[in-house]
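Everything on this sheet refers to the single structure shown next.
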Amino acid sequence: MELSKNYIFSETENKWYQHWINKGYFNSEPDGRPAFTVVIPPPNVTGVLHMGHTLNETVQDILVRKARMSGFNACWIPGSDHASIATEAKVVQMLKEKGIEKNNLTREEFLKYAFEWKEKYGGIIYNQIEKLGCSVDWKRVTFTMDDHYYKAVIKVFVDLYNKGLIYRGARMINWDPAAKTALSDEEVEYRNVQGKLYYLKYSLTPALSEGEGESLPPSGELEGGFITIATQRPETIMGDTAICVNPNDERYTHLKGKQALVPLINRSIPIIFDEYVDPAFGTGALKVTPAHDINDYNLGLKYNLEVVDTLNEDGTLSAAAQIHVGEDRFVARNKIVNELHEKGHILKEEEYATRLGYSQRSGVVVEPRISTQWFVKMKELAEPALKAVADGDIKIHPGDKFLATYKYWLGNVKDWCISRQLWWGQQIPAWYDEQGNMVVAETAEEALKKFKIQNSTFKIEDLRQDEDVLDTWFSSWLWPMEVFKGSSNPGNADINYYYPTSVLVTGQDIIFFWVARMIMAGMHYKNEKPFSDVYFTGMVRDKQGRKMSKSLGNSPDLLELIDKYGADAVRFGIMISSPAGNDLLFDEASLEQGRNFNNKIWNALKLLKLWEGKKPKGLTLNAERNFAIEWFGNRLNEVRAEVDNLYIQFKLSEALKIIYSLIWDDFCSWYLEWVKPGFEQPIDEKVYNKTVEFFEQLMELLHPFMPFITEEVYHLLQHREDDLCVKQISSIGTLQSKILDEGELLKKVISALRDARNKNQLKPKEAIKLHIQTADTEAYTEIENILSKQVNAETVNFTAEAVTNTIVVAVEKDKFFIETTQQLDAGVLKEELLKDLEHQQRFLDSVVKKLNNERFVFNAKPEVVALEKKKHADAEVRIKVIEESLQNLKKL
RNA sequence: AGAUCCGUAGCUCAGUUGGUUAGAGUGCUUCCUUGACAUGGAAGAGGUCACCGGUUCGAGUCCGGUCGGGUCUACCA
């Protein structure tokens, strides 16, 4: 068969993926083997995979493929989440382009459009996962809005509510007064702006009940019955319902029980004392406006203050403001500032650097607004989740980096707001009657039953369901359970077999949003961790270190990259530059490296095929011991053991690096050259067969990382019925370190001799005569053939003493004399030797210094001291060799 | 503002409990093209391990500080 000049990935990748699918290799059913289960972090259904996903999916595929080849029943669940905020935004945008306003649609109509959208675009990510070669079980695709999933989410909500773990409470939301809608935090852009801090004087009035006399305050902050507050938003003063100072602030202690008058409207408000106020900020006195600030709202709750909402939905002043009703908040601000000036209420104005939130949708300044939301109590759920990680039941990788973060967050956890003012998602199963009474139930019928206990005339049409939907994380926190229907149908065969899953691979940025909450749900509902290991990948950045984002447009298109370099090269490129847990700077150059690696493998295959054609039939030429084979066999086993060890530590990037080096350097650059027959010569059949076997094992080792080319090569090496994809990895043989050492020495000698040739400008084609001076001739006899081939020596012989008129090379304790017909440049040789001599001398000095230090000899471990002594002896030998060489040179 | 991680070759990064002369990839320099591969081969140069101090016989590694950078969380009148 004729093999193409270079490896052509486009001819293999689709072919093999289709083959694997047809064979059902990725489908998993419970059986007697141990399970290795991975659930994909579900990407956003309307999105496309970005480089962060690519890294994640590649890591998962490597782990899953390795497990599949190691006797496990590997099961990798693909899927996507409904991403309520992002998806709804996209659907709204799409409708707008069609000239349809969401506000003019019913909920049902809108959801119909949304599902159509999902059907149309939801497949993109699946296509990308496939193109990347991911070995997911396509029969188990799960979507967070699937019927069973929807029901599971509702069931969990009702359950937690009944347990008292879900409650309704107040929360400040981001309100867009132009779009008249609530915004998520993600939809708010913060910008640094120059604002003004206004110092306003509020007149004091005696306490309503009893006066405390007319004693004036000692502080300059108060003048003749005024208290001064600092505010950025003077237009909200009409919503003030108290002034708050710190009880420890001596400037204000005398104000206990007094009232203040809100300027312009002269409403009387109490002065309250709470440690929340920072005496050092502004004047140390805070105006409390519960309707427009969450902290103020909480103070209001604590002190039972009235809530006066002075703004309408559209950002104009409401009737409650009493003045400037109907005017825009910023227009009103200017007018009010003027009036305050006129009436002498403004003590001073100060420039003030602040951050304001702007709506991504409409661009206007976001208005904080108090609203009723649903919350999950976190403390009770957090404790077992913290314990699972703290006790080491769940291991985080890399641990040192994220353990502290995880513990800190769970130790200081805040309640989780789970309601969203959207339609796309699981609608909150809370039902209201006309009087506003509320029950929580899985269905309207259930709700009706609950209401009927109180009122039997009630009909189902009288019920109104809560408008809001649940946070997407409130569905995805059930992911490791519900992909096996473990919440909607507890105790089924799948959940029993696959749960807990093996490893979760995800980005460190969602450690709290998702990872911690999955652990909470798992511990709460299964009383068991959802996964044993968590592997955090770093963030993918661009070459300049910037975060990849849609707005910067610096995220490359995955399918284009695969078209250009092939999936194997993309996987290689992203893995090779991805140290465990650290961010990686994505550079297409690493994909090029991957493509070149493919080509290298391909050409090694071509070389073997060339040899195959020249193999003598049925005849073994040479059955004797072959150093190259023994060495490479050991080297292979050595690396296989290292790789296994790296897998355990999730150091996949390092594993790939040493496999890469094993194939390129040890196999291609050394081994193949060592066994290569002379030009037009046939190859020893035993060597050939052994080489095919090595190649096969290399492909096996690399397969999890680069599945396509390895499968292709596996089949091209020889005809077979099985597939590499499901081949079971053979056990690792024992190591003979002596042979490995000999191999390293051989490489060193070859490089040193080539270096000497280079420096003396001996052309590669020019043959030399090599004389070796060594105490161990036996060792060199074995590798003589390799050595002569590798340094182009026409003769190799051993010598007891220095050979004159040659280039001398010293490696370890042995000396090599290169005899050549070419005229040698003694100057260059001498310079090199002197440089080396100086280096060795310096080294020897440092060792001597150490050994002369009594405290070192006394304190250091015996093996360390022994090592230093060996260094000392070796250095002395090397120096002697160099000096001899210099002597020899003089004879030139 | 809090929490946390990082600073090693031109660039991107490894460097296990302190113990050979600090490694790799890439880039750079020199040489090499009829023979698997120029998407290649052979070889080489390149580092005061951010800075200051401490512990130790010994520090890239441990401790304290300074400077610089990242990430997450919170944003305060």
Requested in this report: Mind checking A:E654 for me? I need base, sugar-phosphate or nothing, with any heavy atom below 4.0 Å counting as a touch.
Outcome: sugar-phosphate
Report task. With C1' as the reference atom in both, quote the distance from B:U12 to B:G18 in angstrom, rounded to an integer. Result -> 27 Å
Query raised in the report: Over how many whole Å does the gap from A:L867 atom CG to B:G19 atom P extend?
Result: 12 Å
Query - Distance in Å, A:I807 CD1 paired with A:N760 CG, rounded so as to fall on 0.5 Å steps - result: 3.5 Å
Query raised in the report: According to a strict under-4.0 Å criterion, is A:K759 in side-chain N/O contact with OP1 or OP2 of B:A43?
Result: no
Query raised in the report: Looking only at atom P, what distance separates B:A36 and B:A42, rounded to whole Å?
Result: 14 Å
Query - A:K763 side chain, from C-beta outward: closest of B:G40, B:C32, B:U21 - result: B:C32
Query - Candidates B:C37, B:U34, B:A42 - which lies nearest the side chain of A:N758 - result: B:A42
Report task. Could you measure between the two P atoms, the one in B:C5 and the one in B:C62, and give it in whole Å? Result -> 12 Å
Report task. Give a yes/no on whether any side-chain N or O of A:N596 is located under 4.0 angstrom from OP1 or OP2 of B:G40. Result -> yes
Report task. Please tell me which of the listed nucleotides, B:C57, B:C31, B:G25, lies nearest to the side chain of A:Q593? Result -> B:G25
**Report entry** Check: A:F667 ring centre within less than 6.0 Å of A:F695 ring centre
**Finding:** yes
Report summary line: In whole angstroms, the gap separating P of B:A43 from NZ of A:K747 amounts to 11 Å
Report task. Consider the side chain of A:F843, meaning its heavy atoms from C-beta on, and name the nucleotide among B:U21, B:C13, B:A36 that approaches it most closely. Result -> B:U21
Listed pairs, N/O of protein and of nucleotides 71-74 of chain B, under 3.5 Å:
from: B:C72; atom 1: OP1; to: A:K547; atom 2: NZ; distance (Å): 3.1

Query raised in the report: Under 4.0 angstrom, heavy atoms only, what part of the nucleic acid is A:A589 near: base, sugar-phosphate, or nothing?
Result: nothing
Query - Derivation and outcome, side chain to side chain donor-acceptor pair (under 3.5 Å), residues A:Q232 and A:Y198 - result: CA-CA 6 Å; A:Q232 290 182 67; A:Y198 300 90; over 6 Å; no
Query raised in the report: For A:F572, which of A:Y660, A:Y565, A:F705 qualifies under ring-ring contact (aromatic ring centres under 6.0 Å, His included)?
Result: A:Y660
**Report entry** SB check A:K564 A:E592 (cutoff 4.0 Å)
**Finding:** no
Report task. Using atom CG of A:D665 as one end and atom C1' of B:G23 as the other, report the distance to the nearest whole Å. Result -> 14 Å
Query raised in the report: Taking the side chain of A:R878 as heavy atoms from C-beta outward, which of B:A43, B:G19, B:U21 is closest to it?
Result: B:U21
Query raised in the report: So what does A:V857 touch, heavy atoms closer than 4.0 Å: a base, only the sugar-phosphate, or nothing?
Result: nothing
Report task. Measure from the side chain of A:V847, starting at C-beta and using heavy atoms only, and say which of B:U21, B:A43, B:U20 lies closest. Result -> B:U21
Requested in this report: May I ask you to check whether over 12 heavy atoms, not counting those of A:K748, lie within 6.0 Å of atom NZ?
Outcome: no
Query raised in the report: Whole-Å distance between B:G15 P and A:L646 CG?
Result: 11 Å
Report summary line: When A:N859 and A:E592 are each assigned the nearest nucleotide of RNA chain B, the 5'-most assignment goes to A:E592
Report task. Go through the N and O atoms of the side chain of A:K606 and the base of B:C37, and report whether any donor-acceptor pair is under 3.5 Å. Result -> no
Requested in this report: Name the closest nucleotide to the A:R595 side chain, picking from B:A36, B:U39, B:G19.
Outcome: B:U39
Report task. Could you check if a side-chain atom of A:E766 sits within less than 4.5 angstrom of a side-chain atom of A:N792, using non-hydrogen atoms only? Result -> no
Query - From B:C32, B:C13, B:C76, nucleotide with atom closest to A:D278 side chain - result: B:C76
Query raised in the report: CG of A:N852 versus P of B:G58: gap in Å, rounded?
Result: 15 Å
**Report entry** B:C52 to B:G15 separation - C1' atoms, rounded to the nearest Å
**Finding:** 24 Å
**Report entry** is_close_aromatic(A:W473, A:F513), centroid dist under 6.0 Å
**Finding:** yes
Requested in this report: Quick one: label A:C668 by what it contacts on the DNA or RNA (base, sugar-phosphate, nothing), any heavy atom closer than 4.0 Å.
Outcome: base
Requested in this report: Respond yes when some side-chain nitrogen or oxygen of A:K869 is under 4.0 Å from OP1 or OP2 of B:G19, and no when none is.
Outcome: no
Requested in this report: Please state how far atom CZ in A:R842 lies from atom P in B:U21, giving the value in whole angstrom units.
Outcome: 13 Å
Report task. Please work out if A:K870 contacts a base, only the sugar-phosphate, or nothing of the nucleic acid, heavy-atom cut-off 4.0 Å. Result -> nothing
Report task. Output yes when at least one side-chain N/O atom of A:S577 is less than 4.0 Å from OP1 or OP2 of B:U12, else no. Result -> no
**Report entry** P-based separation of B:U8 from B:A50 [nearest Å]
**Finding:** 6 Å
**Report entry** Polar pair under 3.5 Å, donor/acceptor by atom type, side chain A:E673, base B:A42
**Finding:** no
Query raised in the report: So do the side chains of A:E712 and A:E11 get within less than 4.5 Å of each other, counting heavy atoms only?
Result: no
Query raised in the report: Of the nucleotides B:U39, B:A14, B:A36, which has the atom closest to the A:N599 side chain?
Result: B:U39
Query raised in the report: Hey, does A:T289 reach any base, or is it just sugar-phosphate, or nothing, if we go heavy atoms under 4.0 Å?
Result: nothing
Report summary line: Ranking B:G15, B:G19, B:G41 by distance to the side chain of A:K651, first place goes to B:G15
Query raised in the report: A:R754 near the nucleic acid: base, sugar-phosphate alone, or nothing, with a heavy-atom cut-off under 4.0 Å?
Result: sugar-phosphate
Requested in this report: Please state the P separation for the pair B:C31 and B:G53 - nearest whole angstrom.
Outcome: 46 Å
Query raised in the report: Hey, are A:E654 and A:K657 close enough for a salt bridge, meaning a charged N less than 4.0 Å from a carboxylate O?
Result: no
Requested in this report: Let me see the working for A:D240 and A:Y202 under side chain to side chain donor-acceptor pair (under 3.5 Å), right down to the final yes or no.
Outcome: CA-CA 11 Å; A:D240 291 354; A:Y202 285 49; 2.5 Å; yes
Query - A:R233 with A:E235: basic N within carboxylate O range, under 4.0 Å - result: yes
Requested in this report: Please work out if A:K287 contacts a base, only the sugar-phosphate, or nothing of the nucleic acid, heavy-atom cut-off 4.0 Å.
Outcome: nothing
Query raised in the report: At under 4.0 Å, does any side-chain N or O of A:W602 touch on OP1 or OP2 of B:G40?
Result: no
**Report entry** Pairwise C1' distance for B:G46 and B:C28, with rounding to whole Å
**Finding:** 9 Å
**Report entry** Non-hydrogen side-chain atoms of A:F536 and A:I510 separated by less than 4.5 Å
**Finding:** no
Query - Length of the CD1-C1' vector between A:I396 and B:U4, whole Å - result: 14 Å
Query raised in the report: Atom CG of A:N6 to atom C1' of B:G40: distance rounded to whole Å?
Result: 10 Å
Requested in this report: Would you tell me whether A:T289 and A:D293 have side-chain atoms, one donor and one acceptor, within less than 3.5 Å of each other?
Outcome: no
Requested in this report: Have a look at A:S669 and say if it touches a base, only the backbone sugar-phosphate, or nothing, with a 4.0 Å heavy-atom cut-off.
Outcome: sugar-phosphate
Query raised in the report: What would the secondary structure line of RNA chain B be in dot-bracket form, counting Watson-Crick and G-U wobble pairs under 3.5 Å, with [ ] for pairs that cross earlier ones and | for pairs with another strand?
Result: (((((((..((((.....[...)))).(((((.......))))).....(((((..]....))))))))))))....
Query raised in the report: Given that A:L286 and A:K871 both sit by RNA chain B, which one's nearest nucleotide is further toward the 5' end?
Result: A:K871
